[in-house]
Amino acid sequence: IEPSTESDFQPEFGKPIFPDFTQSEGEASTTSESAVSAPEVVSRSPKIIGGMIDFGLYLVFYLILVGAGRWALGLDFAQLGFKELLLEFFLPLYGFLLLLVWFYQFFFISVLGQSISGMLLGVEVLDKSGSRPSPLRAGLRALVYVLCLAPAGLGFIPELAGKSLPDLLAGTRTVRW
């Protein structure tokens, strides 16, 4: 076998490498949209499962913060009374956790359009035009999310009826591809 030279190589750039599956033989396609390219509205179960995954992440964050705070302050929980422990340690830490949750939601929704649970479940947040939410919308959605989460998650009860307060107030929607 003789080695080829540069002049022997003549690729056919006009011909596609992969076949076009959007049209059958002999008929022209009027649309290029496939069954997987259109988002569908997410049912309640992926939202609930996603909320549980995110809540598990928040719990891990909180436990890390409790451990780090206890270590940094040199606290012995057995020596503190319930009132001191609640007012001087757990409530400020809970406030910091809510700030952390806001940042988590804001960052992932504005940059990627989905949180970690959304990535696992194939769920994405879009604005009304069908694109990733702007930082302003993502920040508003994250704020409403935190306000729903703050009173022991009671703000998410309307989610069980299919009405998401963060999506409703921020002008976004949750879809699955």
Side-chain angles (χ1 to χ4, degrees), residues 33 35-73 75 77 80-177:
E33 188 173 300
V36 295
S37 66
E40 61 185 45
V41 177
V42 178
S43 63
R44 285 189 303 246
S45 58
K47 288 183 179 182
I48 292 170
I49 293 169
M52 292 168 62
I53 291 170
D54 281 339
F55 183 75
L57 287 170
Y58 305 150
L59 185 61
V60 168
F61 291 158
Y62 190 71
L63 292 175
I64 290 170
L65 289 174
V66 166
R70 183 177 171 193
W71 174 79
L73 297 174
L75 292 178
F77 288 164
L80 295 175
F82 177 74
K83 184 177 178 183
E84 292 88 18
L85 196 60
L86 183 67
L87 293 177
E88 295 175 15
F89 187 73
F90 285 108
L91 284 181
L93 200 59
Y94 185 66
F96 182 71
L97 177 70
L98 290 177
L99 182 65
L100 189 66
V101 168
W102 178 86
F103 181 76
Y104 167 85
Q105 286 290 319
F106 168 73
F107 176 77
F108 278 102
I109 299 300
S110 65
V111 173
L112 301 174
Q114 55 191 167
S115 65
I116 292 174
S117 66
M119 291 178 207
L120 294 172
L121 299 171
V123 174
E124 188 173 4
V125 176
L126 302 175
D127 64 8
K128 299 285 184 191
S129 68
S131 60
R132 185 176 303 130
S134 68
L136 182 64
R137 280 194 195 278
L140 177 62
R141 186 181 189 279
L143 177 65
V144 175
Y145 185 94
V146 167
L147 292 175
C148 289
L149 183 67
L154 294 176
F156 290 113
I157 290 176
E159 187 76 44
L160 299 174
K163 304 200 185 302
S164 168
L165 290 178
D167 285 337
L168 185 68
L169 295 176
T172 57
R173 60 191 171 117
T174 309
V175 297
R176 175 178 251 171
W177 289 92

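- When V175, I49, T174 are each tested for a side chain to side chain contact (heavy atoms under 4.5 Å, CB included) with V123, only one passes: T174.
- Nearest heavy-atom pair across E124 and G113 is CG-O, 3.2 Å.
- Across every non-hydrogen atom of A138 and F106, the tightest pair is C-CD1, 3.9 Å.
- With sequence neighbours excluded, the residues that form a ring-ring contact (aromatic ring centres under 6.0 Å, His included) with Y104 are Y58, F108.
- Note: L100 CG to Q105 CD = 11.0 Å, rounded to the nearest 0.5 Å.
- Rounded to the nearest 0.5 angstrom, L98 CG and L149 CG are separated by 6.0 Å.
- Under a cut-off of 6.0 angstrom, the local environment of CZ in F55 is sparse, with at most 12 non-hydrogen atoms contributed by other residues, nucleotides or ligands.
- For E159, the salt bridge (Lys or Arg N to Asp or Glu O under 4.0 Å) partners are K47, not counting sequence neighbours.
- A donor-acceptor pair under 3.5 Å links the side-chain atoms of R132 to the main chain of V111, judged by distance alone.
- L57 contributes atom CG, which lies 7.5 Å from atom OG of S117 (distance to the nearest 0.5 angstrom).
- I109 CD1 to L126 CG: the interatomic distance, rounded to the nearest 0.5 Å, is 10.0 Å.
- Using the six-membered ring where Trp is involved, F107 and F103 have ring planes that are parallel, under 30° apart on the 30 and 60° scheme.
- Of the inter-residue distances, the one linking L154 atom CG with I157 atom CD1 reads 5.0 Å to the nearest 0.5 angstrom.
- L121 and P46 make their closest contact through CD1-O, 3.4 Å (heavy atoms, listed as atom of the first residue, atom of the second, distance).
- Side chain of W102 to main chain of G139: a donor-acceptor pair is present (N/O by atom type, distance under 3.5 Å, no hydrogens or angles).
- Using a 4.5 Å cut-off on side-chain heavy atoms (C-beta onward), P133 and V125 make contact.
- Atoms CG and CZ, on L169 and R141 in that order, are 11.0 Å from each other to the nearest 0.5 Å.
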Distance-only criterion, 3.5 Å: show the donor-acceptor pairs between side-chain atoms of residues 85-94 and protein atoms not counting sequence neighbours.
unit_1, atom_1, unit_2, atom_2, d
Y94, OH, A150, O, 2.8

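- Here the side chain of R137 pairs a donor or acceptor atom with the backbone of A170 at under 3.5 angstrom.
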